Each structure stands twice: as C-alpha cells, then as structure tokens.
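Please read all numbers here as calculations on a predicted model, not as lab measurements. Just so we're on the same page: letters track the sequence lines, and every chain starts at 1.
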There are 2 protein chains.
Amino acid sequence: MISQTSEYALRAVVCLAQNPDKPHTTAEIAKWTKVPEHYLSKVLLALAKHEVVISKKGLHGGYVLAHDPEDLPLLNVINAVDPIKHIKSCPLKLKTHGTHLCRLHQRLNESIDMMEDLFRTSTVALILNEPTQSIPLCESTTR
Amino acid sequence: MISQTSEYALRAVVCLAQNPDKPHTTAEIAKWTKVPEHYLSKVLLALAKHEVVISKKGLHGGYVLAHDPEDLPLLNVINAVDPIKHIKSCPLKLKTHGTHLCRLHQRLNESIDMMEDLFRTSTVALILNEPTQSIPLCESTTR
DNA sequence: AGATAAAAAGATATATTTATCTTTTGTATA
DNA sequence: TATACAAAAGATAAATATATCTTTTTATCT
C-alpha cells in the first residue's frame, strides 16, 4: 500500500525528529532505523532534493530535518521519494470517457484521496506525541 | 497505491458484471478492458481460485461472475489477486516493541484500514449504479 | 595545505512485478 | 468419437523496484 522506499523515508525522518541535537550520518540513521545503508543514502538524497531534510557534507556533517516536526506532514516525506499518483484520466484511454473518470476509477481515486488526506493531516510531530505504548522505532536512541 | 494487477482484476470483474448474459472468454474480456490478454488469463485464474468468478472450459466456455454484483465488494476482488497486507508487528523487529506497533506504524496501518474499509463497503453493483457521466470502462459493449 | 569525514554520483546486482508464449487438460457438440 | 474451443499450467522474458558497491566531490579541522 505504501512502498518500501516510502517506509524507509518515514523511518529516517522520524528518527531525525527524535534526535534533533546535531546532524546524523547515513550510517547512524541506517543503524537506528534498520534500513540498508546504501539504499538509505539514495532515499536521503531524494529527501534533501525536496527540502525535507538538509544535508551537510564534511566532518560533523550529515542530515538534519529542514522543518519543525509540527510543520512536516507525512505526505511531504512520501511525495519526496514516491509521489502519490492520482488517476486524472481514464486509464483505458476510452475516447468516450475523455476527461471524465468512470465509476470504477472514481472509486479508486477516492481511496487514494482518503489516504492522501490522512497523510496530509498527520505531521511528524503527531507521530512523536501521540500516546502509545511504543516509542517510534527507537530502542537504540537515548530517549 | 493499488497494484496494476488489482486494477486489471477490477476491470475484468466490472466488465463481467456489465455483461452477465453468458460466459466470456479471456480474449473478449481482454479486448474490452484493454488488459494484456495473457496476463489477464493469470488474473482470471486467481479470481476463479478465490471464487470471485466461475470458469467453464470448452466450447461456449469462459468466465462468469460467481456472485451478484450486490454481494461482491471490491475488496474481495483485490484480495484475490493482491491481498491487502496489514502491519501486524513492528517491521523493525525491535524487541522492546514486541506486539505493539509504534506510532509511525499505527498511522500507516490506519491508512491501510481506511482504504480497506472503503473497498469493503463498495460493491461492484455500487460502481455500476452510481450516477456519473461515464459508463464504467465499456465503450465496446452494447450498453 | 593536508588529512579526514561525509554526502553525491555513478555503476552494477538482485528481487519482484508485470507480461508473453507454448503446451496440456478438460468440455461441449456435431 | 473426432474436433474445435477455451481454460489451466508451465516456462520464459521484460520492466521496475530494491539493494550494494565504488568513485568523486565538498566541507571541516588541524
């Protein structure tokens, strides 16, 4: 439902949000989030390109969040690495349908819209602060 | 968001629902739904295995729906070919999380649940009967 | 300036999904 | 019962997503 790549991106972002003190290297984040290190480096690159995170090269460099967790919807993270695609025109290319979607694709689109809305209204901060029994993906961190 | 395979399955089922008069061959359905014929045959096979459609071999054979469109949620179609997977345990295998999902994965799961609910409450009949400007994926049929 | 740290970029490999082609099996009907 | 029809099954191929490895560029600190 959500791609592996999006899942990795979300993990990385939540991890950075939990450790805002200083930049963290790909290797560190990979270790905490259990994402394959070299693949994560691509994911972080995409996140940096879309200004979800900021990268700093060189000694003491690494990645930090580009925004407050309050201002960062999960949707932004997802769209940076694996954009949610809406159905805009008939996938069957029926001439008679033109720009109108048939009922089937309207329904499919509805479900995509619903999911997108949930991710748009869920910020990273919400994830961090919601009451629950498990602290998000971080037994290795100090928290 | 929904796999290509699920999309194909839904198209085939809607097509059969619109043409309930007699069994239809893979070739016919492929033509109407614009799904690659040989791939569609695998998809229909899976639908038959899960009793969404009924297959008849031999002359005048083909596929018919196994249920009234009123009794056939889109979810059943989707689950037959590409089951919706819920997140049941921590994907990071954190010992401290055990059976509890962290907030991140609770959220992801919520979105999966929402989508599943929509598909569970949407029957094929609903697709056929909803008012709209485009008749579902069928300019080639008689309707 | 030189050494080192770390991201960026590029090249390659593996796995999964999607698609095609061929052969076999079962069924109706002439 | 022979024949044609159509699904079932199996084998192969192409495309895409995921993952790994290597080299290059850029920044920091002595």
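- Atom pair Tyr39(A):OH and dA8(C):P shows a separation of 16 Å (rounding to whole Å applied).
- Taking side-chain N and O atoms only, Ser41(A) has no distance below 4.0 Å to OP1 or OP2 of dA7(C).
- Judged by closest nucleotide on DNA chain C, Leu59(A) is the one of Lys49(A) and Leu59(A) placed further toward the 5' end.
- Donor-acceptor pairing under 3.5 Å is lacking for the side chains of Tyr8(A) and Ser3(A).
- Where Ala48(B) and Tyr8(A) each meet DNA chain D at their nearest nucleotide, the meeting point lying more 5' is that of Ala48(B).
- Side-chain contact of Asn19(A) with His24(A): a donor-acceptor pair under 3.5 Å is absent, judged by distance alone.
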- Message: Apply side-chain contact (heavy atoms from CB on, under 4.5 Å) to residues Thr123(B) and Leu74(B) and explain how you reach the verdict.
- Response: CA-CA 6 Å; Thr123(B) 64; Leu74(B) 300 187; over 6 Å; no
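- Of the charged side-chain nitrogens involved, at least one lies within less than 4.0 Å of a carboxylate oxygen, so that Glu28(B) and Lys22(B) count as a salt-bridged pair.
- Partner assigned to dT30(D) is dA1(C), using Watson-Crick or G-U wobble distances below 3.5 angstrom.
- For the pair Leu45(B) and Lys42(A), both in contact range of DNA chain D, the more 5′-proximal nearest nucleotide belongs to Leu45(B).
- Taking the side chain to side chain contact (heavy atoms under 4.5 Å, CB included) definition, one finds that Met115(A) meets it with Met1(A), Phe119(A), Met1(B), Ser111(B), Met115(B), sequence neighbours left out.
- Protein atom CD1 of Ile54(B) is 16 Å distant from nucleotide atom C1' of dT27(C), rounded to whole Å.
- For the pair Leu40(A) CG and dA7(C) C1', the interatomic distance rounds to 12 Å; values are reported in whole Å.
- When atom types are taken as modelled, the side chain of His67(B) and the backbone of Glu51(B) share a donor-acceptor pair closer than 3.5 angstrom.
- Note that the first and last nucleotides of DNA chain D, 5' to 3', having any atom under 4.0 angstrom from a heavy atom of chain B are dC5(D) to dA11(D).
- One atom, NE2 of His24(A), and another, P of dA5(C), lie 18 Å apart when rounded to the nearest Å.
- The list of salt bridge (Lys or Arg N to Asp or Glu O under 4.0 Å) pairs with a residue in residues 115-125 of chain A, not counting sequence neighbours, reads Glu116(A)-Arg120(A), Asp117(A)-Arg120(A).
- Look at NZ on Lys57(A): it is 6 Å from P on dA8(C), rounded to the nearest Å.
- Here the P atom of nucleotide dA28(C) and the NE2 atom of His60(B) are 11 Å apart, to the nearest Å.
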